[in-house]
Enquirer: 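Below is the structure I would like to discuss, written out as structure tokens.
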Amino acid sequence: DWDRSFRTSDPRYYRWTQWLFLQFFKAGLAYRDEVAINWCPKCKTGLANEEVVNGRHERCGTLVEKRLLKQWLFKITKYADRLIDGLADVDYPSRIADQQINWIGRSVGAEIDFVVAEHSTKITVFTTRADTIFSAAFMVLAPEHPLVAKITTKPQRAAVDAYVEQSQSKTDLERQAEDDKEKTGVFTGAYAINPANDERIPIWIGDFVLAGYGTGAIFGDIHDERDFEFLTRYDIPARVTVLPENEQEAAKVKAKEYPYTREGVLIDSGEFSGQRSEVARDKIIAWLSQKGAAREKVNYRLRDWVFSRQHYWGEPIPIIHCPEHGVVAVPDDQLPVELPEVENYEPTDTGESPLAAITDWVNTTCPVCGEPAKRETDTMPNWAGSSWYYLRYYDAHNDKEFAARNKLDYWGAVDMYLGGMEHTTLHLLYSRFWHQFLYDQGLVPTPEPYQARRGQGIILAADNTKMSKSKGNVTNPTELIEAGYGADALRLAIAFLAPYDQTTPWNPNGINGTKRFLNRVWSLVQEQVAAAKNPPAIAEQDSELALASAIHKALKKVSVDLEEFGFNTAIAAMMECVNELYLLKTTLPLGSKVWGENLQLLVQMLAPFAPHIAEELWQQLGGEGSVHVSTWPEFDPKLVHDKLVTIVVQVNGKLRGQFEAATDATEASVVKMAQEDKKVAPHLTGKKIVKTIY
RNA sequence: GGGCGAGUGGUGAAAUGGUAGACACGCUAGCCUUAGGAGCUAGUGGGGGAAACCCCGUGGAGGUUCAAGUCCUCUCUCGCCCACCA
């Protein structure tokens with residue numbers, strides 16, 4: 001419906017994107033914080049975690065750097081559980097749901113406090129293996145951990161400072177240890193007290209510990225592969241507290257031959273010795289909690305969503321900074337905050353948006369006090385406008401609300417949402433988050449935006465890599481159409497290529513087949529239309545029945561396959577049907593009313609796949625109105641069943657013969673026919689039939 | 001290292017546990033045509049055979065079953081996603 005079209009870059013649209021942002025802001029879910037964010041030096045902007053793939057910006061492939069910047073963030077982590085649980089109520093393919101669950105990375109464990117010896121400070125660590133607490137041999141802080149400077153002893157200061165500086169200059173990719181690269185760290189000189197057994201353990205810093213996950217600190221022991229590697233390298237004494245039940249294996253574990261990371265039986269763990277580790281885990285957390293040194297904690301791999309961009313192109317974040325009143329929302333009646341006209345929209349390298357240079361735009365007044373204030377100059381990411389666009393289709397031109405409630409109620413959730421797999425942890429996740437928030441605010445009627453989701457497969461180039469403009473391996477559809485194939489043949493070729501959700505290479509010759517098929521349909525109808533001027537006198541009932549049967553069998557297959565996205569097999573069924581019609585027309589002359597009616601059914605089936613040719617043929621066959629608004633035909637169950645069925649006979653599991661039998665033949669008669677079949681009989685002579693399966 | 005998925009002809013692919021390779025591409029031969037990069041007909045998994053027909057065959061090894069591409073166990077390979085996430 002073209003009356004409902006709009007652009008997300010149009011101020012009449014992004015006015016509401018800004019308004020929705022302010023709802024997040026007012027609910028405390030959009031906040032400003034100074035964080036080490038991913039920075040793309042080429043695009044000169046900050047990025048969300050989701051936009052960094054293998055240490056590179058997913059758009060341009062540039063190696064991402066870390067920068068400490070004051071940024072707008074969305075508290076998507078608050079919705080982590082909802083984003084997981086909501087998947088149970090929608091129809092998504094499991095690989096999409098699994099990927100989102102995996103991305104959110106829910107991890108249940110505990111936070112445990114270690115007191116720093118000779119200090120009053122505590123360091124909190126996160127662990128999923130509280131049962132191994134008695135084996136804690138050392139502690140490691142991320143280089144960015146706020147306590148590093150405070151606890152480092154004088155003799156170690158120089159080494160620690162050097163290490164911190166070195167880690168900060170590394171990109172994420174460089175910090176990631178590859179297989180041959182060893183973990184590095186440096187001792188702070190300080191010690192922590194293990195709350196379980198009061199042992200002193202050394203505190204190290206190491207860049208394999210991530211500042212952004214958990215508490216940025218861990219305790220290390222022999223029951224973790226990374227920790228094992230670290231303690232081996234730096235010769236830190238360690239103790240085994242979990243043993244496998246297998247005695248031989250347990251001996252090797254005791255000898256510290258390798259890190260034992262699975263569940264087992266606790267030893268050397270105070271009152272918990274002798275218990276199964278998975279049972280002891282919760283008890284130890286409870287025990288430490290009583291002492292005030294631990295609490296249950298769930299962590300997520302998901303990070304809060306960095307929402308600021310330092311681009312000109314983006315919706316301005318509708319915020320005013322007032323020296324007196326701080327961060328103030330732009331009042332609704334002053335929306336939209338439009339992008340100013342500029343000479344130069346190139347990004348700067350300062351971490352500031354190019355908007356910051358436009359003083360007469362930046363300088364404004366505070367909506368609260370009317371005193372001079374400055375506009376926020378960061379803009380929103382491309383994901384902002386796309387996070388709610390589907391709602392705007394319900395009420396595309398409303399200038400009072402983002403969409404009227406009665407229209408939202410009427411349309412409800414999106415029934416079927418098609419899109420690429422690459423959106424799974426970007427747009428699809430983001431828009432579910434927005435929608436869940438809007439639902440909580442009472443602004444939309446459904447808890448989830450999309451009832452069902454399907455991901456289409458990617459068509460690869462002939463070289464088996466993804467078609468992309470930058471690689472220049474793209475087959476341009478326009479060229480095929482200009483080469484005389486037509487849009488219908490192209491649509492069919494794409495749909496026929498492979499199952500809808502499958503990634504598959506483009507076969508440049510496939511379109512020959514679909515064009516040939518359409519030509520055959522076309523010719524058949526032309527013959528019919530011409531012959532109908534002098535209809536044949538004789539009609540043969542058996543052939544007419546065979547004709548209807550061929551059509552209805554295809555109709556059944558197409559009807560079922562359409563619902564299941566089985567487009568390739570639906571098209572195959574129509575091809576099969578047309579092949580059969582070509583055989584039939586030799587015994588049943590074209591031109592009859594029966595032919596006309598059945599060909600109309602064929603054209604109706606074809607219409608969703610080849611809309612243009614179907615419309616033309618529909619009119620040639622005398623169809624009323626447009627084929628595309630005609631009622632989808634129902635297949636006749638009586639016609640899809642054959643009168644004869646092929647019976648296949650196996651003897652001792654081997655295929656020995658086949659014959660045709662009437663569909664309504666009795667079991668006894670079919671068994672008799674099978675035994676008497678001239679190919680089957682020789683395999684039975686001189687043998688006793690033990691069992692017959694019909 | 002973790003998660004998910006997939007391995008079937010020369011190619012893309014079909015196949016509620018019941019005739020493996022539907023449908024198509026490509027190829028071969030023939031027909032038709034002034035011509036074919038059009039159309040039509042026939043053939044096209046491998047091996048054997050004059051033929052009827054027989055044997056083998058869905059990455060590999062086992063298993064369940066009257067019957068396995070399909071179910072189970074182990075294993076190899078490839079693809080996608082995530083990844084020092086404690």
Enquirer: With rounding to whole Å, what would you report as the distance between B/rG9 and B/rA13 at their C1' atoms?
Expert: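 After rounding to an integer number of Å, I get 11 Å for this pair.
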
Enquirer: Using the P atom in both, what is the distance from B/rC53 to B/rG69, to the nearest Å?
Expert: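 Nearest-Å result for B/rC53 against B/rG69 at atom P: 23 Å.
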
Enquirer: For a quick test of reading the model: is some side-chain N or O of A/Arg656 closer than 4.0 Å to OP1 or OP2 of B/rC55?
Expert: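 Yes, because at least one side-chain N or O of A/Arg656 sits under 4.0 Å from OP1 or OP2 of B/rC55.
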
Enquirer: If you measure from the P atom in B/rC81 to the same atom in B/rC71, how many Å do you get, rounded?
Expert: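 Comparing P positions in B/rC81 and B/rC71 gives a spacing of 26 Å.
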
Enquirer: Kindly say if A/Asn102 contacts the phosphate of B/rC4, meaning a side-chain N or O under 4.0 Å from OP1 or OP2.
Expert: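 Checking B/rC4 against A/Asn102, no side-chain N or O comes under 4.0 Å of OP1 or OP2.
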
Enquirer: Tell me whether the guanidinium CZ or amine NZ of A/Arg453 lies under 6.0 angstrom from the six-membered ring centre of A/Tyr92 and within 45° of its axis.
Expert: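 Negative - A/Arg453 is either too far from the ring of A/Tyr92 or too far off its axis.
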
Enquirer: Measure from the side-chain heavy atoms of A/Ile693 and tell me the nearest of B/rA13, B/rG39, B/rC66.
Expert: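 Taking heavy atoms from C-beta onward, the closest nucleotide is B/rC66.
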
Enquirer: For A/Glu225, which contact category applies under a 4.0 Å heavy-atom criterion: base, sugar-phosphate, or nothing?
Expert: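 Answer is nothing: A/Glu225 stays at 4.0 Å or more from every strand.
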
Enquirer: In whole Å, what is the span from the NZ atom of A/Lys515 to the C1' atom of B/rA24?
Expert: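 To the nearest whole Å, that distance equals 17 Å.
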
Enquirer: Select from A/His683 and A/Trp103 the residue whose nearest nucleotide in RNA chain B is closer to the 5' end of that strand.
Expert: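 Looking at the nearest nucleotide for each, A/His683 comes out on the 5' side.
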
Enquirer: Send over the distance from A/Tyr582 OH to B/rU41 P, rounded to a whole Å.
Expert: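 From A/Tyr582 OH to B/rU41 P: 9 Å.
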
Enquirer: Searching all strands shown, indicate the nucleotide that pairs with B/rG62 (Watson-Crick or G-U wobble; both distances under 3.5 Å).
Expert: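 Pairing partner, where one exists within any strand: B/rC72.
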
Enquirer: Figure out the CH2/P separation between A/Trp506 and B/rG26, and round it to whole Å.
Expert: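 Between P of B/rG26 and CH2 of A/Trp506: 13 Å.
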
Enquirer: Take atom NZ of A/Lys557 and atom C1' of B/rC23, then tell me their distance rounded to the nearest Å.
Expert: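 Checked: the NZ to C1' distance equals 11 Å.
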
Enquirer: Within a reach of under 6.0 Å around CD of A/Glu676, are more than 12 heavy atoms found that belong to other residues, nucleotides or ligands?
Expert: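 For A/Glu676, atom CD is crowded (more than 12 foreign heavy atoms under 6.0 Å).
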
Enquirer: In this structure, which one of A/Phe230, A/Tyr234, A/Trp204 forms a ring pair (Phe, Tyr, Trp, His ring centres under 6.0 Å) with A/Phe138?
Expert: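 Testing each of A/Phe230, A/Tyr234, A/Trp204 against A/Phe138, the sole residue satisfying ring pair (Phe, Tyr, Trp, His ring centres under 6.0 Å) is A/Phe230.
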
Enquirer: Do the side-chain N or O atoms of A/Arg301 get closer than 4.0 angstrom to the phosphate oxygens (OP1, OP2) of B/rA83?
Expert: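 Yes, because at least one side-chain N or O of A/Arg301 sits under 4.0 Å from OP1 or OP2 of B/rA83.
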
Enquirer: Give a yes/no on whether any side-chain N or O of A/Gln99 is located under 4.0 angstrom from OP1 or OP2 of B/rG3.
Expert: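 A/Gln99 to B/rG3 OP1/OP2: no side-chain N or O under 4.0 Å.
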
Enquirer: Could you tell me how far B/rA15 sits from B/rA22 if I compare only their C1' atoms? Round to whole Å.
Expert: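 These two C1' atoms come out 8 Å apart once rounded.
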
Enquirer: Of the options B/rC23, B/rC84, B/rA14, whose atoms approach the side-chain atoms of A/Phe208 most closely?
Expert: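 The listed nucleotide nearest to A/Phe208's side chain is B/rC84.
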
Enquirer: Less than 4.0 angstrom between a side-chain N/O of A/Arg516 and OP1 or OP2 of B/rG39, yes or no?
Expert: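 So the side-chain polar atoms of A/Arg516 do come within 4.0 Å of the phosphate oxygens OP1 or OP2 of B/rG39, strictly under.
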
Enquirer: For B/rA86, take OP1 and OP2 only and decide whether either is under 4.0 Å from a side-chain N or O of A/Ser107.
Expert: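 Result: yes.
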
Enquirer: Tell me whether A/Lys585 at atom NZ has more than 12 heavy atoms from other residues, nucleotides or ligands lying less than 6.0 Å away.
Expert: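 Check passes, neighbour count above 12.
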
Enquirer: Are OP1 or OP2 of B/rC66 and a side-chain N or O of A/Lys691 less than 4.0 angstrom apart?
Expert: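 Looking at the OP1 and OP2 atoms of B/rC66, one of them is under 4.0 Å from a side-chain N or O of A/Lys691.
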
Enquirer: Considering only atom P, compute the distance from B/rG47 to B/rG57 and round it to an integer number of Å.
Expert: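 That atom pair is separated by 15 Å.
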
Enquirer: Is the phosphate of B/rC56, meaning OP1 or OP2, less than 4.0 Å from a side-chain N or O of A/Lys654?
Expert: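 Answer is yes, contact under 4.0 Å.
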
Enquirer: Under 4.0 Å, counting only non-hydrogen atoms across every strand here, what does A/Gly105 touch: a base, just sugar-phosphate, or nothing?
Expert: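 It contacts nothing in the nucleic acid.
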
Enquirer: What nucleic acid atoms does A/Val125 come within less than 4.0 Å of, heavy atoms only: base, sugar-phosphate, or nothing?
Expert: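 Result for A/Val125 = nothing.
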
Enquirer: Are A/Thr424 and B/rC81 close enough that a side-chain N or O sits under 4.0 Å from OP1 or OP2?
Expert: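 It does not, given that no N or O in the side chain of A/Thr424 lies less than 4.0 Å from OP1 or OP2 of B/rC81.
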
Enquirer: For a quick check of understanding: with a heavy-atom distance under 4.0 Å over all strands, which category does A/Asn579 fall into, base, sugar-phosphate or nothing?
Expert: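 Contact class for A/Asn579: sugar-phosphate only.
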
Enquirer: Any side-chain N or O of A/Asn568 below 4.0 angstrom from OP1/OP2 of B/rA14?
Expert: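 The answer is yes; a side-chain N or O of A/Asn568 sits under 4.0 Å from OP1 or OP2.
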
Enquirer: Does A/Thr646 reach a base, just sugar-phosphate, or nothing at all? Heavy atoms under 4.0 Å.
Expert: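 A/Thr646: base contact, heavy atoms under 4.0 Å.
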
Enquirer: In whole Å, what separates the P atom of B/rU11 from that of B/rG46?
Expert: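 B/rU11 and B/rG46 have their P atoms separated by 12 Å.
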
Enquirer: If you compare every side-chain N and O of A/Asn652 against the phosphate oxygens of B/rA67 (OP1, OP2), does one of them come in below 4.0 Å?
Expert: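 No.
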
Enquirer: Considering only atom P, compute the distance from B/rA68 to B/rG60 and round it to an integer number of Å.
Expert: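 One P to the other, the span is 15 Å.
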
Enquirer: What's A/Leu497 touching, base or sugar-phosphate or nothing? Going by heavy atoms closer than 4.0 Å.
Expert: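 Touches sugar-phosphate only.
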
Enquirer: When we call it a touch if two heavy atoms are under 4.0 Å apart, what does A/Glu576 touch: a base, just sugar-phosphate, or nothing?
Expert: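 Since only primed, P, OP1 and OP2 atoms lie under 4.0 Å of A/Glu576, the category is sugar-phosphate.
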
Enquirer: Go ahead and name the base partner of B/rA83; Watson-Crick or wobble counts if both distances stay under 3.5 Å, otherwise write none.
Expert: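 Pairing partner, where one exists within any strand: none, as none qualifies.
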
Enquirer: Under 3.5 Å, is there a donor-acceptor pair linking the side chains of A/Asn512 and A/Tyr485?
Expert: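 A donor-acceptor contact under 3.5 Å links the two side chains.
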
Enquirer: For atom C1', what is the distance between B/rU70 and B/rG18, given to the nearest Å?
Expert: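 Pairwise C1' distance, B/rU70 against B/rG18, rounds to 11 Å.
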
